[in-house]
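Have a look at the structure that comes next, please.
A, B, ... follow the sequence lines: proteins, then strands. Residue 1 opens every chain. Quantities reported herein were computed from a predicted structural model and do not represent experimental measurements.
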Amino acid sequence: MNEEVLNKFNIQQFQQDLLSWYYQHKRDLPWRQDQDPYKIWVSEIMLQQTKVDTVIPYFYRFIDKFPTVYELAAADEQDVLKAWEGLGYYSRAKNLQTAVREVVASYGGVVPENPDELGSLKGIGPYTKGAILSIAYNQPEPAVDGNVMRVISRILKIEEDIAKVKTRNLIEANVREIISKDDPASFNQAIMDLGSSICTPKAPACMFCPIQEHCKGFEDGVQEELPIKTKAKKQKKIPYVVLLIRNEKNEYVIEQRQDKGLLADLWQFPMVPINEIGRKHIENWVFSEYGIKVKLKEHKGNLKHVFSHIIWELEIYEAETKSIATDDPRLRFVNLEEIGNYPFPVSHQKMMQYLSEQ
DNA sequence: AATCCGGGGGT
DNA sequence: ACCCCAGGATT
């Protein structure tokens with residue numbers, strides 16, 4: 001496909017230009033202090049679809065709480081989710097703990113250096129596998145993320161749709177050709193740093209790019225058109241009434257979500273799907289669903305919460321109940337003190353401002 | 001191959 | 001609004 005471009009590509013000079021730029025400009029990041037495979041691993045999972053600046057405080061707190069695979073393996077899953085609260089994509093945290101437990105049980109607590117063993121762990125896909133192998137173990141393995149796809153598609157003028165797995169594999173094959181065997185850890189991280197600071201999605205700073213003279217996209221003036229990517233479709237809106245149900249002991253009803261799917265195992269205030277039942281039957285629905293008699297009170301406000309694939313349109317109501325206990329295993333009555341121990345999605349954290357004393 | 005899965009920030 | 005972000009699992 002782009003063999004012609006690759007044939008004329010000066011690999012040695014490219015590596016030298018890229019790496020000398022990186023050695024001079026590399027960012028001082030918390031997970032670059034050492035090459036502890038566990039810490040590299042945690043950082044890579046957190047960084048999936050998440051910006052560096054967002055991850056940094058979470059990384060410090062997480063490593064402080066779970067310094068090695070042993071602390072994480074022994075931890076309560078709810079505590080792990082609490083440490084992940086607000087980061088999103090919560091299955092990352094559950095899969096990470098599952099995989100760490102596997103490392104302790106089957107690999108003596110040592111993160112596998114074998115590509116197949118590493119790649120078989122929960123939550124470790126092709127990117128994360130390559131990142132750990134290259135950064136922690138100095139293996140010349142590609143680590144193709146969004147940055148790398150953008151940078152490589154511009155350099156080699158690859159005009160395939162990067163939303164497709166096939167294109168990711170093509171780029172991986174190309175990286176395998178041009179990666180530095182002497183310092184693969186720096187090579188992979190250099191491309192990522194370049195992608196975040198110079199070779200940005202919009203208005204790339206080609207005039208300051210250390211590898212401009214190697215860039216076929218720039219040579220042909222198409223760098224701003226690359227990479228090619230199909231658009232995501234619009235999110236579907238789903239309306240809910242959310243109930244802040246309080247009893248006479250000033251406790252609120254919270255509910256644990258199911259253990260699979262959206263926001264799995266996190267806690268929330270009960271949500272009534274009003275597009276399914278109609279807003280006339282809210283109190284009846286709550287009784288049939290949870291066995292709790294409630295009386296709707298004041299409308300506290302509305303909230304729109306946008307996910308990647310759906311949009312929640314939330315109407316928040318205060319409600320009262322005479323109940324002080326429940327047999328429903330999903331539910332708990334908690335006071336304002338206890339509620340802070342449970343992992344909540346950001347949308348429901350925002351509702352806590354409406355919780356009142358008395 | 002397409003869909004599901006969070007939340008934040010830049011433009 | 002729209003796009004992107006150090007992606008992976010499931011269908």
Below 4.0 Å: OP1/OP2 of B:dG10 and any side-chain N or O of A:Lys51
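For A:Lys51, the contact criterion (side-chain N or O under 4.0 Å from OP1 or OP2 of B:dG10) is not met.
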Distance, rounded to the nearest Å, where A:Lys202 contributes NZ and C:dC3 contributes C1'
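Taking NZ of A:Lys202 and C1' of C:dC3, I get 6 Å after rounding.
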Between P on C:dC5 and CZ on A:Phe307, what's the gap in Å once rounded to a whole number?
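Spelled out: CZ on A:Phe307 to P on C:dC5 is 21 Å.
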Which nucleotide in the list B:dC5, C:dC5, C:dG8 gets nearest to the side chain of A:Gln49?
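Taking heavy atoms from C-beta onward, the closest nucleotide is C:dC5.
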Gap between atom CZ of A:Phe59 and atom CE of A:Met46 - 0.5 Å precision:
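So the CE of A:Met46 and the CZ of A:Phe59 are separated by 7.5 Å.
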Which part of the nucleic acid, if any, lies within contact of A:Lys166, taking any heavy atom under 4.0 Å across all strands shown: a base, the sugar-phosphate backbone alone, or nothing?
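Nothing: the residue A:Lys166, judged by heavy atoms under 4.0 Å, touches no strand.
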Would you kindly compare A:Thr50 and A:Lys233 by the position of their nearest DNA chain B nucleotide and give the one closer to the 5′ end?
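Residue closer to the 5' terminus by nearest nucleotide: A:Lys233.
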Give a yes/no on whether any side-chain N or O of A:Arg150 is located under 4.0 angstrom from OP1 or OP2 of C:dC5.
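Answer is yes, contact under 4.0 Å.
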Could you work out which one of C:dC3, C:dA6, B:dG6 sits closest to the side chain of A:Leu263?
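Comparing C:dC3, C:dA6, B:dG6 against the side chain of A:Leu263, the answer is B:dG6.
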Separation of B:dA2 P from A:Gln235 CD (nearest whole Å)
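About 19 Å, once rounded to whole Å.
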For A:Leu29, report the nucleic acid contact type (base, sugar-phosphate, nothing); a contact means any heavy atom under 4.0 Å.
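A:Leu29: base contact, heavy atoms under 4.0 Å.
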Could you say whether A:Lys350 or A:Gly261 is positioned toward the 5' end of DNA chain B, judged by the nucleotide with the nearest heavy atom to each?
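Closer to the 5' end of DNA chain B: A:Gly261.
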Over how many whole Å does the gap from A:Lys122 atom NZ to B:dC5 atom P extend?
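Atom-to-atom, A:Lys122 to B:dC5, this comes out as 16 Å.
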Reckon A:Gly195 touches a base, only the sugar-phosphate, or nothing at all at heavy-atom distances under 4.0 Å?
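The residue A:Gly195 makes no contact with any strand.
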Cluster question for you: counting only ILVMFWY and a side-chain heavy-atom cut-off of under 4.5 Å, with indirect links fine, are A:Tyr22 and A:Ile11 together?
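A:Tyr22 and A:Ile11: one cluster.
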Using the P atom as the point on both nucleotides, what is the distance between C:dT11 and B:dG6, in whole Å?
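Looking at atom P only, B:dG6 and C:dT11 are 15 Å apart.
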Does A:Gly119 or A:Val52 map to a spot on DNA chain C nearer the 5' end, using the closest nucleotide for each?
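First, find each residue's nearest nucleotide; the 5'-ward one identifies A:Val52.
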What is the pairing partner of B:dG6, taking Watson-Crick or G-U wobble pairs with both distances under 3.5 Å in any strand?
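Across any shown strand, B:dG6 pairs with none.
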What's A:Thr54 touching, base or sugar-phosphate or nothing? Going by heavy atoms closer than 4.0 Å.
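Result for A:Thr54 = nothing.
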Would A:Lys293 and A:Glu320 pass as an ion pair if we require N to O under 4.0 Å?
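Salt bridge between A:Lys293 and A:Glu320, a charged N being under 4.0 Å from a carboxylate O: no.
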C:dT10 P sits how many Å from A:Lys94 NZ, rounded?
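Atom-to-atom, A:Lys94 to C:dT10, this comes out as 11 Å.
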Whether A:His309 contacts B:dC4 is assessed here as follows: a side-chain N or O lying under 4.0 Å from the phosphate OP1 or OP2. Is that the case?
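For A:His309, the contact criterion (side-chain N or O under 4.0 Å from OP1 or OP2 of B:dC4) is not met.
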Of the nucleotides B:dG7, C:dA6, B:dC4, which has the atom closest to the A:Tyr90 side chain?
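For the A:Tyr90 side chain, the nearest candidate turns out to be B:dG7.
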In this structure, how many angstroms lie between the P atom of B:dC5 and the CG atom of A:Leu266, rounded?
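These atoms are roughly 13 Å apart.
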Whole-Å distance separating the NE2 atom of A:His305 from the C1' atom of B:dG8
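Nearest whole value for this atom pair: 10 Å.
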Name the nucleic acid region contacted by A:Ile310, choosing base, sugar-phosphate or nothing; use a 4.0 angstrom heavy-atom cut-off, strictly under.
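Nothing: the residue A:Ile310, judged by heavy atoms under 4.0 Å, touches no strand.
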Can any side-chain N or O of A:Arg61 pair as donor or acceptor with the backbone N or O of A:Ala83 at less than 3.5 Å?
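Checked: no pair found.
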Using atom P of each nucleotide, how far apart are B:dT11 and C:dA6 to the nearest Å?
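Their P atoms lie roughly 14 Å apart.
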Which nucleotide, B:dC5, B:dG8, C:dC3, lies nearest any side-chain atom of A:Leu262?
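Looking only at side-chain atoms, A:Leu262 lies closest to B:dC5.
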Side chains of A:His25 and A:Asp193: do they bring a donor and an acceptor to under 3.5 Å?
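No, A:Asp193 and A:His25 have no side-chain donor paired with an acceptor closer than 3.5 Å.
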Does OP1 or OP2 of C:dG8 have a side-chain N or O of A:Thr128 closer than 4.0 Å?
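So the side chain of A:Thr128 is within the cut-off, an N or O lying under 4.0 Å from OP1 or OP2 of C:dG8.
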Identify the two heavy atoms, one from A:Gly123 and one from A:Thr128, that lie closest to each other, and give their separation to 0.1 Å.
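For A:Gly123 and A:Thr128, the tightest heavy-atom pair comes out as O-OG1, 4.5 Å.
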Of all the choices, C:dA6, B:dA2, C:dC4, which nucleotide is nearest to the side chain of A:Lys164 once you look at every atom?
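Within the option list, the nearest is B:dA2.
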Does A:Arg32 reach a base, just sugar-phosphate, or nothing at all? Heavy atoms under 4.0 Å.
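Base contact.
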Measure CH2/A:Trp41 against C1'/C:dG7 and give the value in whole Å, please.
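My rounded result for the distance is 16 Å.
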Do A:Gln97 and A:Trp84 have side chains that get closer than 4.5 Å, going by heavy atoms?
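No. Closest side-chain heavy atoms not under 4.5 Å.
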Phosphate OP1/OP2 of C:dA9 contacted by A:Tyr89 side-chain N/O (<4.0 Å):
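So the side-chain polar atoms of A:Tyr89 never come under 4.0 Å of the phosphate oxygens OP1 or OP2 of C:dA9.
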